[in-house]
Chemist: 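Attaching a single structure in C-alpha cells format; questions to follow.
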2 protein chains.
Amino acid sequence: MSTQRRQAPTIHDVAQAAGVSSMTASRVVNGYPHVRQAVRDKVEEAIKTLGYRPNSLARATRTGVSLIGMLYSNASSSNLSNYLMGAFRQASQSGCQLLIEPSQAHPTPAQAVQKLVDAGVGSVILPPPLCDDAAILESLEKAGVGAVSFATAFPREGAPAVFIDDFAGARMMTRHLIDLGHVDIAFVRGDPAHSTAQRREQGFRETMAQAGLTVNDAYVADGGFSYRGGLEAARHLLNLRRRPSAIFAANDDMAAAVSAVAHGLGLSIPADLSIAGFDDTSVATTVWPELTTIRQPIADMAASAVKLAMDLARPGGEPGVHVQGELQLIERASTAAPPR
Amino acid sequence: MSTQRRQAPTIHDVAQAAGVSSMTASRVVNGYPHVRQAVRDKVEEAIKTLGYRPNSLARATRTGVSLIGMLYSNASSSNLSNYLMGAFRQASQSGCQLLIEPSQAHPTPAQAVQKLVDAGVGSVILPPPLCDDAAILESLEKAGVGAVSFATAFPREGAPAVFIDDFAGARMMTRHLIDLGHVDIAFVRGDPAHSTAQRREQGFRETMAQAGLTVNDAYVADGGFSYRGGLEAARHLLNLRRRPSAIFAANDDMAAAVSAVAHGLGLSIPADLSIAGFDDTSVATTVWPELTTIRQPIADMAASAVKLAMDLARPGGEPGVHVQGELQLIERASTAAPPR
DNA sequence: TCTTGTTATGATATCGTTACCAATATCAGG
DNA sequence: CCTGATATTGGTAACGATATCATAACAAGA
C-alpha cells in the first residue's frame, strides 16, 4: 500500500540521469539541432527510463503564453465535442489557454467577439458563419487581433484558415450514389447563409451534370441545416409523384430527419430509399439504420486551428497558412442499390 | 493600425502601480487575509486600471501542476460537449492539465484506466458505468490514484463524487405528468447496468404509487438508453390495445425515438401523446416538438469534478466530498394534458 | 517598560522550463 | 601548427506566480 505520491520527473532528473546539462536535455526534447547523436540517444533513453513528460505549463511560462479565443455556435452541436477535444488537446500540448465563448449567448456575434478581445486574447478562432462575416473580421483587424477561419468554404487568400473541400465531399457522396445505380437523386440544401451549404450544393449539381443526370428543381429542397427543416424537406420530397430513390442531405441532422419521415411513411431503408448525410456527427450512428456520410476530421482541424492561432498571436508569426482536412466517405447501412 | 501587441500586465506591474510588493498584490488577488483594507483597495484599483488577469499557467507551476485523467464513454455523447466544456473551463482556471481518454477505444475499461495511470495522472474522473465498477476502483487504489465518481446514482461514502438525485428527477417528471392529468403513463427504462437507470425507474414507480396509480408491467419497456432501443420500446408501447397517454423515457435519446415512432403512427404530439425525456441534451431541442425534460447542470458538475480531482491529487487533499447538481424541469412542447 | 502575540508587509527562494550568451570542442584550409 | 568558422555544450537568468520565512508595526497584558 504505497500511499507515496511519486513526483513526476523533471528535465533536470533526465539531465542528471543522462549525465548532461538540463539545457542539452531540453534541446533533445525539443528536437533542436546541435546535439551529437550519441548524446541525443543517451538523453532519449533517460527520458524513456524515467518516463519523463515535459511540463507544458512550465514551458509556456518561459516561451510566452498566449490566450486564444474560441467561439462556438451550437448550431453544429453534434460536432462540438470533437471540436473541443481537438482544440484542448492541442492547447494543452502547446501550453496555451483557450477562452471559449458561445456566440449565441450574446445578442449579436460581434459582442461575443468583443468580449474575447476585451479579455485580452492574442487571436481568435471563428467557426461559420462568423468566419465569413466581413464586419467582424474588420473589427478584429482594428483591434489588432488575428483571426483563424474554421470550416469556411471560402478561405480568404493570405488569411489563416482551416477547412475542408465541401465541394469535393459532395462530389464523393453524389458519385457514390450514382455508382450504386441511382438516377433519381434528391438533395436537401443547408442554410444558404453558410458558405459550406453553397459549395455542397454545387458539388452535388456538377457531379450529377457530369454523369449526364438532370437535377429536377423539385428534387432540391431547403432544410436549413436543422432537423426540423429536414423534416419538412423530407415530407415534400417523399410525397412527390415520382419519389426519388435516394436523398442526399447536406448534413447528418437533416438526413436523420429524412430517415424519420421515411420510417413514418413505412418505407424501408435502404431497400426503398437510400439516405446519405454529411459530417459524420453522432446522430449518424444514433439513427437506425446508421447513415452513410462524409467524415471530416474535426478534432484534427480544431487542433490545427489552435496551432495557427498561436502562430498568429506570436510577434513573428507567419500568417496566411491554409490547412485542409481530409475527407472520407463512410459507408454505412443507409445506402444501397435502388429498388428495381 | 496599431500592430503593437500589448504585453499582458503581470502581478509585478500591478504591485508597482499600487506601490506594494508583488507578494501583497498576490495576496489580494487570492483573497488571503492579513492585508489592510486601504492597501487592498489600492491593489484592486491597479488591477482594474491595468486590466490584469492572473496567468494561471504560471500560477500552476508554483502551486504544483496536476495532470488529471478523464475518461468518457460516448454513450451519453450528446452530453459530452457540455461535460468537456465544464471540465476544460475549470482546468484552465485552476491551471491543471486534462488527459482525456475515450474508454471505448480500449478492449476493456480497465485498460483505459491503466493508460491514464501510466501517463502519470494524479487522479481520475470516472463517468458511469465505470464509477460503479469495483474492480476498477480497487486497481486505482492500488496504484495510489484517487478517483472522482461522476454522475453515479450511488455515491460511495467517503469517496469524492459529483452526481444528481436521479430519483428526485424522475419524481419531478412523473409528478408533472400526473399533474397534467395523465393516468396511463408508460416508462422506458435505461440500461440496468447504469446505476442511474435504476434510480430513475424507482423514482417513477414510487411517485406513481404515491399518487395511487398502478404501473402495469406492460407499461414499462426496456430501451437500454439508446435511440435504437427506444425505437423498439416505443413500438411495443404504442401498439398496446390500451395505449398510454404519456411516455416518460429515462433519457432524451429514447424519448426522441418515441417521438419518431409516434410520428410514424400518425400520432400528434402532444395532443395524442405526451413525451418526456431526461438529461436535456441537444436532441431534446433537435426533435420536433421539443422535449419536456429534466436538465442537469452537466458543465458545472464537470467543473466540480475537476476541482475535486485536483484536491484529491494534492498531498493534503481532503477526500470524501460530495457535490450534488441541481435539477430543473424544463417544460417544452412535448407534454400537455391527455386527450379526453 | 518589557514581554507576548497578532496583524501586515516585504525579501528571497523556488516551481520546471527555455532564452541567451559564453565556453569549449572540432574541423577545414592555409 | 595556427586561424577562423562552426558544432556542441553548459551556466545563468529569466518567465509569472506563490511558499516560506523574516521583519515591522501595533496592541494588550504583566
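Naming convention: chains lettered A, B, ... in sequence-line order (proteins, then strands); numbering from 1 in each chain. These numbers come from the heavy atoms of this one structure, side chains and all, not from hydrogens, waters or symmetry mates.
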Chemist: Any base atoms under 4.0 Å from Val29(B), or only sugar-phosphate, or nothing? Heavy atoms, all strands.
Modeler: nothing

Chemist: Quick check on dC15(D): is either OP1 or OP2 less than 4.0 Å from any side-chain nitrogen or oxygen of Asn55(B)?
Modeler: no

Chemist: For the helix from dT1(C)-dA30(D) to dG30(C)-dC1(D), figure out the bend between the end axes, five pairs an end, and round to 10 degrees.
Modeler: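 Comparing the axis at each end, I get an angle of 50°.
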
Chemist: Would you confirm whether the ring centroid of Tyr83(B) sits within less than 6.0 angstrom of the ring centroid of Phe150(B)?
Modeler: yes

Chemist: What residues form a side-chain hydrogen bond (donor to acceptor under 3.5 Å, both in side chains) with Glu138(B), not counting sequence neighbours?
Modeler: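 By the side-chain hydrogen bond (donor to acceptor under 3.5 Å, both in side chains) rule, Glu138(B) matches no residue at all.
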
Chemist: Are any of Thr10(B)'s side-chain N or O atoms less than 4.0 Å away from OP1 or OP2 of dG16(D)?
Modeler: no

Chemist: Determine: side-chain N/O of Thr24(B) to OP1/OP2 of dT9(C), distance under 4.0 Å, yes or no.
Modeler: no

Chemist: So for atom CD, which belongs to Gln111(A), do other residues, nucleotides or ligands contribute more than 12 heavy atoms lying within a distance under 6.0 Å?
Modeler: yes

Chemist: Using OP1 and OP2 only, check whether a side-chain N or O of Arg59(A) sits under 4.0 Å from dT18(C).
Modeler: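 It does, given that an N or O in the side chain of Arg59(A) lies less than 4.0 Å from OP1 or OP2 of dT18(C).
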
Chemist: Establish, with yes or no, whether the OP1 or OP2 oxygen of dA19(C) is under 4.0 angstrom from a side-chain nitrogen or oxygen of Tyr32(A).
Modeler: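 Yes, such a contact exists.
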
Chemist: Name the closest nucleotide to the Asn30(B) side chain, picking from dT8(D), dA19(C), dT18(D).
Modeler: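 The answer is dT18(D).
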
Chemist: I want to check something: taking the side chain as every heavy atom from C-beta on, are Val14(A) and Val29(A) in contact at a cut-off of under 4.5 Å?
Modeler: no

Chemist: What contact category does Pro54(A) fall into here, base, sugar-phosphate, or nothing, at under 4.0 angstrom with non-hydrogen atoms?
Modeler: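 It contacts sugar-phosphate atoms only.
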
Chemist: For dA17(D), does either OP1 or OP2 sit under 4.0 Å from a side-chain N or O belonging to Ser26(B)?
Modeler: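 Checking Ser26(B) against dA17(D): no side-chain N or O falls below 4.0 Å of OP1 or OP2.
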
Chemist: I need the CZ-P distance between Arg53(B) and dA17(D), as an integer number of Å.
Modeler: 12 Å

Chemist: Return yes if some donor-acceptor pair links the side-chain N/O of Thr152(A) with the main-chain N/O of Ser149(A) below 3.5 Å, else return no.
Modeler: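 Pair absent, no side-chain N/O of Thr152(A) close to backbone of Ser149(A).
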
Chemist: Any chance the side chains of His106(B) and Glu101(B) put a donor and an acceptor closer than 3.5 Å?
Modeler: yes

Chemist: Assess whether one donor atom and one acceptor atom, taken from the side chain of Arg27(A) and the base of dG10(D), lie less than 3.5 Å apart.
Modeler: yes

Chemist: Return the set of residues passing side chain to side chain contact (heavy atoms under 4.5 Å, CB included) with Glu45(A) (not counting sequence neighbours), or none when no residue passes.
Modeler: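 Listed in chain order: Thr49(A).
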
Chemist: Ignoring the backbone of Met23(B), work out which of dG16(C), dG10(C), dT9(C) is nearest its side chain.
Modeler: dG10(C)

